[in-house]
Amino acid sequence: MNNMKKITEFQKLVYKETKKIPYGKVSTYAQIAKNIGNPKASRAVGNALNINPFAPVVPCHRVVRTGGKIGGFASGEKEKIIILKKEGVLVRQGKIVDFTKVFFKKKIK
DNA sequence: GTGTTGACCACAG
DNA sequence: GCTGTGGCCAACA
């Protein structure tokens with residue numbers, strides 16, 4: 001025990017939102033940023049997911065860039081694509097196929 | 001406290 | 001479609 005997860009409240013929010021992404025769905029950095037109350041903090045969101053101390057508890061691979069592009073991944077975009085494909089999310093040329101269909105949009109408001 | 005960096009976003013050309 | 005520029009936010013040296 002003694003879970004010394006030295007993380008900030010900001011990261012906690014990011015992970016919390018990220019964990020809400022259901023199987024077979026994806027979200028974006030900007031969307032998560034909005035959900036945590038900082039719509040302009042998309043960068044900080046990516047940073048938080050990068051260090052991701054809760055991996056693979058936190059499905060950071062389900063977070064992509066705006067427009068359906070993969071973005072980045074700690075193990076490489078290729079791995080990310082493979083994982084997404086396993087979850088039923090097809091990726092084509094670094095972009096998600098039917099992005100709007102697999103995009104988990106949280107209810108704002 | 002300042003400057004740089006980063007898994008970003010939006011706009012202009 | 002790509003590149004350059006500006007902007008936002010948090011973490012780190």
Side-chain angles (χ1 to χ4, degrees):
Chain A
M1 50 184 304
N2 230 14
N3 294 329
M4 307 272 264
K5 318 285 197 200
K6 290 157 193 170
I7 63 176
T8 63
E9 293 298 318
F10 179 82
Q11 292 178 352
K12 266 201 242 176
L13 293 171
V14 174
Y15 303 137
K16 198 159 95 176
E17 292 300 321
T18 304
K19 281 194 277 192
K20 286 179 184 173
I21 306 175
Y23 183 93
K25 294 263 185 176
V26 296
S27 187
T28 65
Y29 301 102
Q31 187 62 45
I32 293 174
K34 288 179 186 177
N35 292 346
I36 64 178
N38 290 332
K40 306 293 180 80
S42 53
R43 252 181 176 168
V45 173
N47 261 325
L49 289 174
N50 181 2
I51 62 181
N52 189 8
F54 291 95
V57 178
V58 175
C60 50
H61 57 272
R62 290 183 193 148
V63 184
V64 296
R65 287 173 56 166
T66 301
K69 288 191 286 209
I70 295 303
F73 196 56
S75 305
E77 297 181 28
K78 217 171 99 185
E79 276 302 313
K80 192 167 179 175
I81 293 172
I82 294 172
I83 297 171
L84 285 173
K85 196 193 280 183
K86 278 187 179 195
E87 308 219 341
V89 181
L90 299 180
V91 179
R92 199 56 131 182
Q93 295 180 338
K95 290 174 291 241
I96 294 182
V97 181
D98 294 326
F99 174 60
T100 56
K101 299 187 179 182
V102 295
F103 178 49
F104 174 63
K105 187 174 151 186
K106 190 185 162 188
K107 239 182 165 142
I108 305 176
K109 160 160 208 356

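Computed from a prediction, not measured in an experiment: that's the story for all the values here. Just so we're on the same page: letters track the sequence lines, and every chain starts at 1.
Regarding A/N50, its CG atom lies at a distance of 10 Å from the P atom of B/dG6, rounded to whole Å. B/dA7 atom C1' lies 9 Å from atom CD of A/E77, rounded to whole Å. Remark: C1' of B/dA7 and CD of A/E17 are 18 Å apart, rounded to the nearest angstrom. Distance, A/K40 NZ to C/dG7 C1': 8 Å, rounded to whole Å. What separates OH of A/Y15 from C1' of B/dA7 is a distance of 12 Å, to the nearest Å. Remark: C1' of C/dA10 and OH of A/Y29 are 16 Å apart, rounded to the nearest angstrom. Atom-to-atom, NZ of A/K69 to C1' of B/dC9 comes out at 10 Å; the value is rounded to the nearest Å. Here B/dA7 presents its C1' atom at 13 Å from CD1 of A/I21, a figure rounded to the nearest Å.
Applying the 3.5 Å distance criterion, the base of B/dG6 shares a donor-acceptor pair with the side chain of A/N47.
A cation-pi contact, defined as under 6.0 Å to the ring centre and within 45° of the axis, is absent between A/K25 and A/F103.
Put simply, A/R65 has a side-chain N or O that comes within less than 4.0 Å of OP1 or OP2 on B/dC9. Neither OP1 nor OP2 of C/dA10 sits under 4.0 Å from any side-chain N or O of A/T8. Distances shorter than 4.0 Å separate some side-chain N or O of A/T66 from OP1 or OP2 on B/dC9.
Judged by distance alone, the side chains of A/E79 and A/H61 never bring a donor and an acceptor atom under 3.5 Å apart.
Mapping A/I51 and A/K95 onto DNA chain C by nearest heavy atom places A/K95 closer to the 5' end of the strand. Each of A/S42 and A/N38 lies near DNA chain C, and the nucleotide nearest A/S42 is the one positioned closer to the 5' end.
With C/dA11, C/dC9, B/dA7 as the candidates, the nucleotide lying closest to the side chain of A/F73 is B/dA7. Side-chain proximity of A/A44 to C/dC9, C/dA11, B/dA7: nearest is C/dC9. Here the side chain of A/N52 is nearest to one of C/dC9, B/dG6, B/dA7, namely B/dA7.
In A/K69, the NZ atom is not crowded: 12 or fewer heavy atoms of neighbouring residues, nucleotides or ligands sit closer than 6.0 Å. Summarising the local packing, NZ of A/K20 is surrounded by more than 12 heavy atoms from other residues, nucleotides or ligands at distances under 6.0 Å.
A/E77 and A/K80 are not joined by a salt bridge, as no carboxylate oxygen comes within less than 4.0 angstrom of a charged side-chain nitrogen.
When the P atom is used for both B/dA7 and C/dG7, the distance is 22 Å, rounded to whole Å.
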